[in-house]
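One structure is given below, encoded as structure tokens.
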Amino acid sequence: MIKNKRGSNKAKELLEEIGFDEITEIPMDIFVAGLGATLIEESLPNSDGKIIHGNTKTLIKVNSDIQFEERRRFTIAHEVGHYLLHSKLELEVHNETSNSLNWFNSAEQQAKKGVQEWEANDFAAELLMPEVLIRKETFRKKFSPDLVKELSIRFKTSITSIIYRLLSLDIYPLFVVFISAGIVRYWSKSNNFWVRVQNITKLSPPQNSVAEEYVEAGYEYIYTGKDKAQTIDKSTWFKLKDDEDDSDFFEYCIPTKQYQTIISVIWEE
């Protein structure tokens, strides 16, 4: 996982400069205007967001067709990151797609897109989900799907963004897998999660995994409520030591039927 903190450091500086602990209750158009740019919502085919630099003004556009407010807010925050960090991006117009906004890409894919996309995502994460507040909200709380939902509502961000934030800050020992079109594309784990990972990249999710169930169900939601966290064997995703007995772990999946993707989170209580 990239450790460049230029984006999050800039977001912390900005929050301190404007005198706010968070911007959760500030309308994004007012926030953007306060920074000297103009926010416009319009239909943007094949693009979630766009930043346009003129000689004297900067326009930040967000696709009005975005269904979820959480995604809209993250797209805007991402573009603000470009605005403050990457002067003109060496281009007059810069388009944003779901790929550049996707946290769960391999280091190779991130390198192809350039460090600027990583920095803009890192900026948006800190701006919308400040580290100090995330740590306060999770203090002495166990990881669970309910907690993820609670944090998503609290910070008005997507469940996927919350999971990534918890992972990147090493708040919980987590193993997170990104699956697209039935194939494991990328995985990452907390630094404090001491497990040996099976050979899973570019393969179908392992047998008896919850992710496998979701692929077979066509990315439809199978489990709801308290059943979102399903018990699995440790050996489903991880290698056991020679003298190690199998043990219970938990797996929680977030499928997106539209894109045929799954974010799978595995942990041990």
Side-chain angles (χ1 to χ4, degrees), residues 1 5-35 39 41 48-49 60 62-63 66-85 96 98 100-104 117-174 176 178 188 190 225 228-229 252-254 256 261 263-265 267:
M1 187 180 293
K5 293 297 182 183
R6 184 167 177 250
S8 54
N9 287 341
K10 183 65 176 180
K12 289 177 181 178
E13 290 174 9
L14 176 61
L15 289 172
E16 183 175 354
E17 180 182 332
I18 65 177
F20 283 87
D21 294 329
E22 58 182 303
I23 65 164
T24 310
E25 301 302 327
I26 300 177
M28 294 303 283
D29 57 339
I30 294 175
F31 177 74
V32 170
L35 298 176
L39 179 64
E41 292 193 48
D48 278 3
I60 291 176
V62 62
N63 192 346
I66 292 177
Q67 183 178 1
F68 299 105
E69 176 67 10
E70 296 86 355
R71 182 173 175 179
R72 173 183 171 276
R73 281 170 50 80
F74 195 90
T75 300
I76 295 169
H78 178 100
E79 299 299 350
V80 170
H82 281 314
Y83 173 57
L84 297 178
L85 289 164
E96 225 64 71
S98 59
S100 57
L101 293 166
N102 183 13
W103 282 112
F104 298 100
E117 297 305 330
W118 169 267
E119 290 176 345
N121 272 351
D122 190 42
F123 172 90
E126 178 62 35
L127 182 69
L128 300 178
M129 302 166 281
E131 179 179 353
V132 171
L133 297 183
I134 284 283
R135 292 192 182 280
K136 178 181 178 181
E137 295 291 338
T138 57
F139 184 64
R140 293 184 176 176
K141 294 180 181 178
K142 288 185 177 181
F143 177 82
S144 70
D146 284 345
L147 175 63
V148 173
K149 182 64 175 178
E150 175 187 319
L151 294 172
S152 173
I153 294 171
R154 163 69 177 83
F155 291 101
K156 297 183 180 179
T157 54
S158 69
I159 286 175
T160 299
S161 295
I162 291 293
I163 288 172
Y164 183 84
R165 195 70 172 136
L166 298 176
L167 175 72
S168 62
L169 293 175
D170 289 320
I171 292 177
Y172 297 103
L174 300 175
V176 180
F178 175 65
S188 187
S190 306
K228 285 182 180 179
Y252 159 47
C253 289
I254 304 98
T256 303
T261 62
I263 302 296
S264 184
V265 188
W267 74 99

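Considering only heavy atoms from C-beta on, Glu119 stays 4.5 Å or farther from Lys5 through its side chain. Residues Asn9 and Phe123 form no side-chain contact, since every pair of their non-hydrogen atoms from C-beta on lies 4.5 Å or further apart. Using a 4.5 Å cut-off on side-chain heavy atoms (C-beta onward), Leu147 and Ile162 make no contact. Counting heavy atoms from C-beta outward, Phe143 and Thr138 have side chains that stay 4.5 Å or more apart. No side-chain heavy atom of Arg6 sits less than 4.5 Å from a side-chain heavy atom of Asp122. The shortest side-chain heavy-atom distance between Pro130 and Leu15 falls under the 4.5 Å cut-off. Glu137 is listed as a side-chain neighbour of Leu151, based on a closest heavy-atom distance under 4.5 Å. Considering only heavy atoms from C-beta on, Tyr164 stays 4.5 Å or farther from Met129 through its side chain.
Scanning both residues, Leu35 and Tyr83, for their nearest heavy atoms gives O-OH, 3.1 Å. Here the shortest heavy-atom pairing between Leu127 and Ala77 reads CD2-CB, 4.0 Å. Looking at every heavy atom in both residues, Val32 comes nearest to Leu39 through CG1-N, 4.0 Å. Taking all atoms of both residues into account, the shortest heavy-atom contact from Leu166 to Ile134 is CD2-CG2, 4.1 Å. Shown here for Gly49 and Glu79, the closest heavy-atom pair between the two residues is C-OE2, 3.4 Å. Heavy atoms only, all atoms of each residue included: Pro173 and Trp267 are closest at O-CB, 3.7 Å.
Between Arg73 atom CZ and Phe31 atom CZ the span is 9.5 Å, to the nearest 0.5 Å. Distance check, rounded to the nearest 0.5 Å: CD1 of Ile254 to OG of Ser158 gives 9.5 Å. For the atom pair CD1 of Ile159 and OG1 of Thr256, the computed distance is 9.5 Å after rounding to the nearest 0.5 Å.
Ring orientation note: the planes of Phe74 and His78 are tilted relative to one another, at an angle of 30° to 60°.
Of the possible polar contacts, one joining the Ser190 side chain to the Leu174 backbone as a donor-acceptor pair under 3.5 Å is found.
Glu69 has a carboxylate O that lies under 4.0 Å from a charged side-chain N of Arg72, or vice versa, which qualifies the two as a salt bridge. Contact check on Glu22 versus Arg154 returns a salt bridge, with a Lys/Arg side-chain nitrogen under 4.0 Å from an Asp/Glu carboxylate oxygen. Salt-bridge annotation for Asp48 and Arg71: present, with a side-chain N of the basic residue lying under 4.0 Å from a carboxylate O of the acidic one.
Residues forming a side-chain hydrogen bond (donor to acceptor under 3.5 Å, both in side chains) with Arg165 (at least two apart in sequence, or on another chain): Glu126.
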*Show your reasoning for whether side chain to side chain contact (heavy atoms under 4.5 Å, CB included) applies to Glu41 and Asp29.*
CA-CA 10 Å; Glu41 292 193 48; Asp29 57 339; over 6 Å; no

*Under the side chain to side chain contact (heavy atoms under 4.5 Å, CB included) criterion, do Leu167 and Val265 qualify, and how do the steps go?*
CA-CA 10 Å; Leu167 175 72; Val265 188; over 6 Å; no

*Would Lys156 and Leu128 satisfy side chain to side chain contact (heavy atoms under 4.5 Å, CB included), going step by step from the backbone distance to the final call?*
CA-CA 8 Å; Lys156 297 183 180 179; Leu128 300 178; over 6 Å; no

_Would Ile263 and Tyr252 count as a side chain to side chain contact (heavy atoms under 4.5 Å, CB included) here? Give the steps._
CA-CA 8 Å; Ile263 302 296; Tyr252 159 47; over 6 Å; no

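Residue pairs meeting the salt bridge (Lys or Arg N to Asp or Glu O under 4.0 Å) criterion with at least one partner in residues 7-19, sequence neighbours excluded, are Lys12-Glu131.
Open room surrounds NZ on Lys149; 12 or fewer heavy atoms of other groups in view lie less than 6.0 Å from it.
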